[in-house]
Protein chains: 2
Amino acid sequence: MSEKTDLKRAGLKTTQPRLKILDILENSPVRHLGADDIYKNLLEAGEQIGLATVYRVLTQFESAGLVIRHKFEGGPAMFELNDAAHHDHMVCVKCGKVFEFVDSGIEQRQREAASKADFVIQDHSLYLYGICAGMHDHGRCSMEKNAA
Amino acid sequence: MSEKTDLKRAGLKTTQPRLKILDILENSPVRHLGADDIYKNLLEAGEQIGLATVYRVLTQFESAGLVIRHKFEGGPAMFELNDAAHHDHMVCVKCGKVFEFVDSGIEQRQREAASKADFVIQDHSLYLYGICAGMHDHGRCSMEKNAA
DNA sequence: GTATATGCAAAACTTTTGCATCCTT
DNA sequence: AAGGATGCAAAAGTTTTGCATATAC
């Protein structure tokens, strides 16, 4: 039960809704989920959890550093488990899937730009929007495993 | 009357609402504005323009390449005149102001990362969130001229 | 037992849309 | 005159909040 300890460590009571939501975030084959996706997921699993609770819990998880909240162009907020090294995102505007990538050089240059402007970075977001390999090669996404 | 030609060039009829909104975007001391800011600005100027029209016009301007729409963390969409070279943004979470910066190295590496993933970039956004020089040095923003 | 968390419903906020009317060409 | 643009009001979508009840420690 590491989910329980995850919550404790985050200073949150281990309640059923929190455990269930964390479970979905940890075990969903799709890594980036909207509050509504999680809510539907809970309903399908037969849980009696309100959408408001989903939002409240996700916001608490975000404050606790358990999840990262993304605001991609237009759509609703997407949540991702904060369980890996920092990375940026490519979002396919055709299939909606999200791909992650890392570039330490970009990170480095961001720090330099901020430092030059005497700006103290707390957070940053880099999103590339475009068309993924699968969609432009054969009209369907070829990288399901990294899916949205 | 270059505003008139701007609209013509964009394939848009020169209507009063469009002229007024373009005028605000061009002459406001604050470069990044929300639809609501523009609407209030119009009301203060005694104009009879509906908020729905402001949104419609801004969306048309965006399609025409006249403005760029930003979605900063949380808040409403912000619009900026597309009258300069591409740049990225630092957003001060204390004073709300927006600062622009350019780093060709970051742009280059973004292209490389996309290319490596066989991803065709259509658009991208890079936002740094943090505290600006003025706010952390003496509690008020020192760069009003670049203001939000 | 006490404080916190949850569920439901209602509200808040941003953005979009339907439709009658008005304006631009 | 004709088609597109606007204003208003209503709707849609996401997220937040108030409050009574239920739950965790």
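Given the structure is predicted, the values throughout are model-derived calculations rather than measurements. Throughout, a chain's letter reflects where its sequence line sits, starting with A, and its residues are numbered from 1.
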> Under 4.0 Å, heavy atoms only, any strand: does A/A77 hit a base, just the sugar-phosphate, or nothing?
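Sugar-phosphate, no base atom in range.
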> Please state how far atom CD1 in A/I38 lies from atom P in D/dT15, giving the value in whole angstrom units.
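My rounded result for the distance is 11 Å.
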> Rounded to whole angstrom units, what separation is found between the OH atom of A/Y55 and the P atom of C/dT6?
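Going from OH in A/Y55 over to P in C/dT6 covers 16 Å.
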> Roughly, in whole Å, what's the span from CD in A/Q60 to P in D/dA24?
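Rounded to whole Å, this separation is 15 Å.
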> The side chain of B/K13 is closest to which nucleotide in this list: C/dA5, D/dT15, C/dT25?
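Taking heavy atoms from C-beta onward, the closest nucleotide is C/dT25.
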> Any base atoms under 4.0 Å from A/L51, or only sugar-phosphate, or nothing? Heavy atoms, all strands.
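The answer is base, as A/L51 lies within the cut-off (heavy atoms under 4.0 Å) of a base atom.
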> For B/F61 and B/R18, work out which heavy atoms get closest and say how close.
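The pair with the smallest heavy-atom distance is CZ-O, 3.7 Å.
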> So which one's nearest nucleotide on DNA chain D is more toward 5', A/T53 or B/A52?
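The 5'-side residue here is B/A52.
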> Between B/D6 and B/R9, is the closest basic N to carboxylate O distance under 4.0 Å?
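Counted as a salt bridge, because a side-chain N and a carboxylate O are separated by less than 4.0 Å.
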> Which whole-number value in Å describes the distance from B/L42 CG to D/dC8 P?
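These atoms are roughly 13 Å apart.
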> What about B/R56: does its side chain form a donor-acceptor pair under 3.5 Å with the base of D/dG7?
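Answer yes: a donor N or O sits under 3.5 Å from an acceptor.
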> At less than 4.0 Å, is any side-chain N or O atom of A/K8 found next to OP1 or OP2 of D/dC25? Yes or no.
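For A/K8, the contact criterion (side-chain N or O under 4.0 Å from OP1 or OP2 of D/dC25) is met.
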> For A/K40 and D/dG13, give me the distance from atom NZ to atom P, rounded to whole Å.
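A/K40 atom NZ is separated from D/dG13 atom P by 11 Å.
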> Could you check A/H32, A/M90, A/E80 and say which one makes a side-chain contact (heavy atoms from CB on, under 4.5 Å) with A/V98?
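Exactly one pass, corresponding to A/H32.
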> Rounded to the nearest angstrom, tell me the gap between atom NZ in A/K71 and atom C1' in C/dT15.
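Spelled out: NZ on A/K71 to C1' on C/dT15 is 11 Å.
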> Using only side-chain N and O atoms of A/T14, determine if any of them is under 4.0 Å from OP1 or OP2 of D/dC25.
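For D/dC25, OP1 or OP2 has a side-chain N or O of A/T14 closer than 4.0 Å.
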> Tell me which nucleotide among C/dT6, D/dT6, C/dT25 gets nearest to the side chain of B/T15.
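The answer is D/dT6, which lies nearest to the side chain.
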> Rounded to whole angstroms, how far apart are CZ on A/F72 and C1' on D/dT14?
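Rounding to the nearest Å, CZ of A/F72 and C1' of D/dT14 are 17 Å apart.
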> Report the distance from atom CG of A/L7 to atom P of C/dA5, rounded to the nearest whole Å.
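Going from A/L7 (CG) to C/dA5 (P), I get 11 Å.
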> Indicate the atoms forming the closest heavy-atom contact of B/M78 with B/F72, along with that distance.
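B/M78 and B/F72 have their closest heavy atoms at CG-CD1, 3.8 Å.
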> Taking 4.0 angstrom as the limit, do B/R109 and B/D103 come out as a salt bridge?
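Salt bridge absent between B/R109 and B/D103.
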